[in-house]
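Since the structure comes first, as structure tokens, the remarks are kept for the end.
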Amino acid sequence: MLAIGVIAYKRTASSSDYFLGGRSLGPWPAALSAGASDMSGWLLLGLPGYAYAAGIEAFWLAGGLLVGTWLNWLICAKRLRTYSITTDALTLPEYLSRRFNDNSKVIQVVSAFFILLFFLFYTSSGLVAGGKLFETVFGLDYTIAVIIGTVCVVSYTLFGGFLAVSWTDLVQGLLMAAALMIVPVIGMQGGLGQLTADLEAINLNY
């Protein structure tokens, strides 16, 4: 991830490159990057945990996510890209301010506040997921794992900007897709008995 950040840093020559990758990201990298950013630890840890605890009702959560994501790309994505290019906006708050001719910058400040507020919780959940992953898989101390993950994410984001985040998310998205396909196959080949026993051994209150 850090190496990807270094490569992205070398390709960043302007504010447009830093914030939007020079608008050069293709549809597949953009889609996988957005999917990995949106779902990440929530999809591989949160949703399966909720499905295990709540049962079949978790289907509505997965179905709502699928429909909502599809409608977002169908209705909003193309228009947002077109208007952001037209208004030469580099960020979403800047786009909203220019789109509605808000010279007072109130819309820009308010939208930036809400983005920072809610992404604080989102980012925290991602770091928690990473910490639990490294603790479970490698036996690494949870606190140390979270600190290492935070340093890595902040480093490649700070130096490489949008391209670094998109490319690292692309790698993560491919890993997530592989895991989502491989784990069910392994579970079915080995029988569901061992898989159920492993799930029952998990302390949901941890």
Side-chain angles (χ1 to χ4, degrees), residues 1-48 65-66 69-70 72-73 76-78 80-81 84-85 88-95 112 115-183 186:
M1 300 298 104
L2 291 175
I4 291 175
V6 172
I7 296 172
Y9 171 73
K10 292 181 178 179
R11 292 190 56 175
T12 301
S14 65
S15 58
S16 177
D17 291 337
Y18 186 82
F19 288 108
L20 292 176
R23 302 184 188 272
S24 62
L25 202 64
W28 281 103
L32 283 170
S33 173
S37 296
D38 180 34
M39 300 172 192
S40 60
W42 178 87
L43 178 66
L44 297 182
L45 291 176
L47 182 59
L65 173 66
L66 176 64
T69 302
W70 176 68
N72 185 35
W73 281 97
C76 299
K78 186 176 181 178
L80 179 60
R81 178 175 175 81
S84 66
I85 294 175
D88 194 29
L90 298 180
T91 65
L92 189 57
E94 185 180 18
Y95 157 75
I115 289 173
L116 289 173
L117 175 64
F118 289 106
F119 265 80
L120 175 65
F121 296 101
Y122 166 79
T123 305
S124 299
S125 67
L127 294 174
V128 167
K132 290 185 179 295
L133 171 67
F134 276 88
E135 181 183 38
T136 303
V137 176
F138 301 110
L140 191 64
D141 179 76
Y142 171 75
T143 303
I144 295 176
V146 171
I147 292 174
I148 293 174
T150 302
V151 171
C152 288
V153 171
V154 171
S155 297
Y156 71 67
T157 302
L158 182 64
F159 289 103
F162 180 80
L163 281 180
V165 173
S166 298
W167 289 344
T168 54
D169 284 342
L170 172 62
V171 174
Q172 294 172 46
L174 293 173
L175 289 173
M176 289 167 57
L180 291 171
M181 291 185 289
I182 292 172
V183 171
I186 294 177

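If you read the sequence from its start, that first residue is 1, and numbering goes on from there.
- Pairing each heavy atom of F134 with each of A145, the nearest pair is CB-CB, 3.8 Å.
- The OH atom of Y142 sits 10.5 Å away from the CD1 atom of I147 when rounded to the nearest 0.5 Å.
- A distance of 12.0 Å separates CZ of F119 from OG of S124, quoted to the nearest 0.5 Å.
- Closest heavy-atom contact between Q172 and Y156: NE2-OH, 4.0 Å.
- I115 places none of its side-chain heavy atoms less than 4.5 Å from the side chain of T91.
- In terms of heavy-atom proximity, I4 sits nearest to A164 at CG2-O, 4.1 Å.
- L127 and V146 get closest at one heavy-atom pair: O-CG2, 3.8 Å.
- With hydrogens and angles ignored, the 3.5 Å screen pairs a side-chain donor or acceptor of S84 with a backbone N or O of R81.
- Of the inter-residue distances, the one linking S125 atom OG with L120 atom CG reads 10.0 Å to the nearest 0.5 angstrom.
- Note that OG1 of T143 and CD1 of I148 are 11.0 Å apart. Values are rounded to the nearest 0.5 Å.
- A pairwise comparison of heavy atoms in V153 and T157 identifies O-OG1, 2.7 Å as the closest pair.
- Not counting sequence neighbours, F159 has no partner by the ring-ring contact (aromatic ring centres under 6.0 Å, His included) test.
- A donor-acceptor pair under 3.5 Å is formed between the side chain of T168 and the backbone N or O of V165.
- Going from atom CG of L175 over to atom CG of D169 covers 11.5 Å, rounded to the nearest 0.5 Å.
- Remark: T136 pairs with no residue by the side-chain contact (heavy atoms from CB on, under 4.5 Å) rule, at least two apart or across chains.
- Applying the ring-ring contact (aromatic ring centres under 6.0 Å, His included) rule to Y95 yields no partners; only residues at least two apart in sequence or on another chain are considered.
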